[in-house]
Amino acid sequence: MTHAVIKDVLAGRYAVGESITVKGWIRTRRDSKAGISFLAIHDGSCFDAVQAVAPSDLPNYEAEVKRLTTSCSVAVTGTVARSEGQGQAFELQATVVEVLGWVENPDTYPMAPKRHSMEYLREHAHLRARTNIMGAVTRVRHCLAQAVHRFFHEQGYYWISTPIITGSDAEGAGEMFRISTLDLENLPRTDKGNIDYSKDFFGKETFLTVSGQLNGETYACAMSKIYTFGPTFRAENSNTSRHLAEFWMIEPEVAFAELKDIAQLAEDMLKYVCKAVLTERADDMAFFAERIDPTAVTRLQQLVDSSFVRMDYTDAIEILKTCGKKFEYPVEWGVDLQSEHERYLAEEHIGAPIIMQNYPKDIKAFYMRLNADGKTVAAMDVLAPGIGEIIGGSQREERLEEFDKRLAEMGLDKEDYSWYRDLRRYGTVPHAGFGLGFERLVSYVTGVGNVRDVIAFPRTPGNAEF
RNA sequence: UCCCUAGUAGCUCAGUUGGUUAGAGCGGCGGACUGUUAAUCCGUAGGUCACUGGUUCGAGUCCAGUCUGGGGAGCCA
């Protein structure tokens, strides 16, 4: 018997009268006065469940069919039929209902067919995958990931798998998780009494990566256009709806590119992936618009149709100073923009994503390229309404002299950046790139307000369950 | 890490100035009903009121501490 995917059954890919088998989990069972039962079965292939009609003359009707509850697994064989009821075009007239797995105690099964809080679902991360909302998130996340790869591939980029384990402790993007095979109860010591990392697995201190950027630059300075897409780790004690200790990041790096080029790249990429979701996951987006965020679909459509506003940091400061709004943190040229400032600009002043450019050098990283004014660097952030910074990027300092000056200013040791400096010594070229937090993108697209609910098993301070 | 806030049935919540036996909806279970869309109707079971200590004749309610969650901030993606 053909094992049919529910998506195909609902799309009419099987002829009326054809006998097929669907396999999945019960969403709801409704018993009708006619002495028949309606089973809503989902298998993850699409948002909707298929309806199987189980007649009372099935041999196991009383003993099994009428005892089915939410999340029992079944294999239902039947003939495809046009539905007599409303709400679906096709349904299955069941001839065999085989129960594969019971729910052993329906009274305490955690996922009742009703609305649960996101916090409750998070505590049952292994079972929340069976809910409507997590199914929709999972499909949209997949759609976005595929669209990201497709976008870069079509533009001639190579996907580089940069290392997850790094010996470079100078990446400067945040606190790192140490990895080690040393016996914590009995650490080897040097003569001076320090921990002897030469005895560790790699013969030196190693960490989980906080960014693939520096590695990515080496390949951009050879392959011209590359991107990374992989897990990233930050050991910061950040407890917000926008931070994870383990998250996925997309980092394109482009040779022969300036700041304006990657600003355009960021805009093109965001529009491309949003368009993909609108066309490929209309079913899931309709659900988000209905249940999570009424503007979910219109917001994406507007993003696709708009052109992002470019704004210089210096001009943003002027706007904030003269807009008449009171801010908790005072605004002055040279200070970093606070969340409240970014929110005002993106949500109230513009009402759409903003590309903020050319920040003061003192509030930005060592590798960003110094502008001609000597005060600002070629950095850019994409600020999205509702979520804030979704992308951060810059043109990199490719001039060795300027780079060394900057290291010295910031009190950093040249020796720690020897291979990174080599890129500036041997055939250096202007290049630029950015980092996109993938969970922040999924959160923005779906309207699901917490990044912990758009990744399967979130890792946050104090929480690594499952 | 800081500020604010919450924790009551399997889930979502109500519970008055501290006062008799802590309630509802959903879900579960039992029953009714000629095709239902989170069906409907009737019945029924289900509670260490997060934990520890304190105030009081009396605490779900007031106080202190702890744990856990949420919102905001910082750091950032």
Side-chain angles (χ1 to χ4, degrees), chain A residues 27-40 48-56 66-67 69-71 81-88 91 93 103-124 127 131-132 172-175 210-213 231-251 266 291 327-329 336-343 363-365 381-384 387-393 434-444 449-453 460-463 465:
Chain A
R27 182 146 281 151
T28 58
R29 187 197 84 228
R30 295 180 296 277
D31 301 325
S32 139
K33 28 196 172 184
I36 59 180
S37 292
F38 300 92
L39 308 175
D48 290 316
V50 71
Q51 173 165 283
V53 184
S56 56
K66 287 197 76 173
R67 286 177 49 223
T69 56
T70 301
S71 254
R82 292 205 180 277
S83 180
E84 291 175 35
Q86 306 210 322
Q88 63 279 318
E91 64 187 16
Q93 293 287 343
V103 168
E104 63 176 40
N105 185 356
D107 193 28
T108 55
Y109 176 67
M111 299 289 123
K114 57 164 290 187
R115 188 168 204 149
H116 293 287
S117 67
M118 296 307 291
E119 297 76 36
Y120 175 78
L121 294 180
R122 210 177 294 149
E123 288 170 14
H124 302 270
L127 295 172
T131 61
N132 280 330
E175 293 295 311
V210 293
S211 164
Q213 180 197 317
T232 310
F233 308 86
R234 305 267 169 100
E236 270 149 18
N237 192 8
S238 297
N239 293 289
T240 81
S241 57
R242 310 179 296 285
H243 289 85
L244 293 164
E246 177 182 289
F247 65 101
W248 286 65
M249 191 151 66
I250 296 147
E251 297 179 285
R291 298 292 283 274
F327 294 109
E328 191 185 335
Y329 291 87
D336 211 350
L337 294 178
Q338 305 291 317
S339 284
E340 57 174 345
H341 306 141
E342 295 180 349
R343 292 185 84 107
I363 58 171
K364 287 293 178 180
D381 284 350
V382 177
L383 310 177
I387 194 160
E389 182 179 349
I390 195 169
I391 286 178
F434 64 76
L436 164 68
F438 188 52
E439 283 74 23
R440 287 186 182 177
L441 175 65
V442 182
S443 170
Y444 176 76
N450 195 318
V451 291
R452 297 170 193 194
D453 302 319
T460 52
N463 199 335
E465 289 302 306

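Chain letters run A, B, ... following the sequence lines, proteins first and then strands; every chain starts at 1. The figures that follow rest on heavy atoms only: side chains count, while hydrogens, waters and symmetry mates do not.
Using P as the reference atom, rG47(B) and rC42(B) are 24 Å apart when rounded to the nearest Å. For the P atom pair drawn from rU16(B) and rU61(B), the interatomic distance equals 11 Å after rounding to whole Å. Separating the P atom of rU8(B) from that of rC49(B) is a span of 11 Å, rounded to the nearest Å. rC57(B) and rU20(B): their C1' atoms are spaced 15 Å apart (whole Å). On the P atoms, rG43(B) is 43 Å away from rU5(B), given to the nearest whole Å. Here the separation of rA24(B) from rU1(B), taken at their C1' atoms, is 41 Å to the nearest Å. The same atom, C1', is picked in rG27(B) and in rG46(B); the two are 12 Å apart, to the nearest Å. Taking atom P on both nucleotides, rA6(B) is separated from rC63(B) by 11 Å, rounded to a whole Å.
With both pairing distances under 3.5 Å, rA6(B) is matched to rU68(B) as a Watson-Crick or G-U wobble pair. In this structure rA73(B) sits in a base pair with rU1(B), meeting the Watson-Crick or G-U test at under 3.5 Å. Across every strand in view, rG28(B) sits in a pair with rU44(B) that passes the Watson-Crick or G-U test at under 3.5 angstrom. Using Watson-Crick or G-U wobble geometry with both donor-acceptor distances under 3.5 Å, rU21(B) finds no partner in any strand shown. The nucleotide rC62(B) finds its pairing partner in rG54(B), both defining distances of the Watson-Crick or G-U wobble pair being shorter than 3.5 Å.
Across all non-hydrogen atoms, the minimal contact from Y120(A) to M111(A) is CE2-CE, 4.1 Å. Here the closest non-hydrogen pair linking S211(A) and T232(A) is N-CG2, 3.9 Å.
A donor N or O paired with an acceptor N or O is found under 3.5 Å between the base of rC76(B) and the side-chain atoms of H243(A). You won't find any donor-acceptor pair under 3.5 Å spanning the side chain of D31(A) and the base of rU36(B), going by distance alone. Taking 3.5 Å as the limit, the base of rC76(B) and the side chain of S238(A) contain no donor-acceptor pair of atoms between them.
Atom CG in N239(A) sits roughly 15 Å away from atom C1' in rU5(B) (whole-Å rounding). Note: CZ (F327(A)) to P (rG74(B)) measures 13 Å, nearest angstrom. Rounded to a whole Å, the CD atom of E251(A) is 13 Å from the C1' atom of rC76(B). Separating the CG atom of L244(A) from the P atom of rC75(B) is a distance of 18 Å, rounded to the nearest angstrom. Rounded to a whole Å, the CZ atom of R242(A) is 11 Å from the P atom of rC75(B). In this structure, N237(A) atom CG and rC2(B) atom P are separated by 9 Å, rounded to whole Å. Across the protein-nucleic acid pair, Y120(A) atom OH and rG27(B) atom P stand 15 Å apart, rounded to whole Å. Taking atom CD of E236(A) as the reference point, atom P of rA73(B) lies 16 Å away to the nearest angstrom.
Within the nucleic acid shown, Q213(A) has no heavy atom closer than 4.0 Å to any nucleic acid atom. Here E119(A) lies in heavy-atom contact (under 4.0 Å) with sugar-phosphate atoms only. Among the heavy atoms of the strands lying under 4.0 Å from T69(A) are primed sugar atoms or P, OP1, OP2 only; no base atom is included. Note on G85(A): a base of the nucleic acid sits closer than 4.0 angstrom, heavy atoms only.
Phosphate proximity of rU37(B) to Q51(A): absent, as no side-chain N or O sits under 4.0 Å from OP1 or OP2. At the phosphate of rG74(B), OP1 or OP2 sits under 4.0 Å from a side-chain N or O atom of S339(A). Look at T28(A) and you'll find a side-chain N or O under 4.0 angstrom from OP1 or OP2 of rA39(B). Residue R30(A) places at least one side-chain N or O under 4.0 Å from the OP1 or OP2 atom of rA39(B).
Among the nucleotides rG71(B), rU36(B), rA73(B), the one closest to the side chain of S83(A) is rU36(B). Taking the side chain of R291(A) as heavy atoms from C-beta on, and the options rC76(B), rG28(B), rA38(B), the nearest nucleotide is rA38(B). Out of rC76(B), rC11(B), rU36(B), the shortest distance to the side chain of R234(A) is found at rC76(B). Closest to the N450(A) side chain, of the nucleotides rG69(B), rC29(B), rG71(B), is rG71(B).
Toward the 5′ end of RNA chain B lies the nearest nucleotide of Q88(A), the other residue of the pair Q88(A) and V451(A) mapping further downstream. When the nearest nucleotides of RNA chain B are assigned to L436(A) and G462(A) by heavy-atom distance, the more 5′-ward of the two goes with G462(A).
For Y329(A) and H341(A), the gap between ring centers reaches or exceeds 6.0 Å.
In this structure, the side chains of T460(A) and R452(A) come closer than 4.5 Å at one or more pairs of heavy atoms. Here the side chains of I390(A) and Y444(A) are in contact, with some heavy-atom distance below 4.5 Å. In this structure the side chain of N132(A) reaches within 4.5 angstrom of the side chain of R27(A), judged on heavy atoms.
Note that CZ of R29(A) and CZ of R67(A) are 10.0 Å apart. Values are rounded to the nearest 0.5 Å.
Using modelled atom types and a 3.5 Å distance limit, the side chains of T69(A) and Y109(A) yield no donor-acceptor pair.
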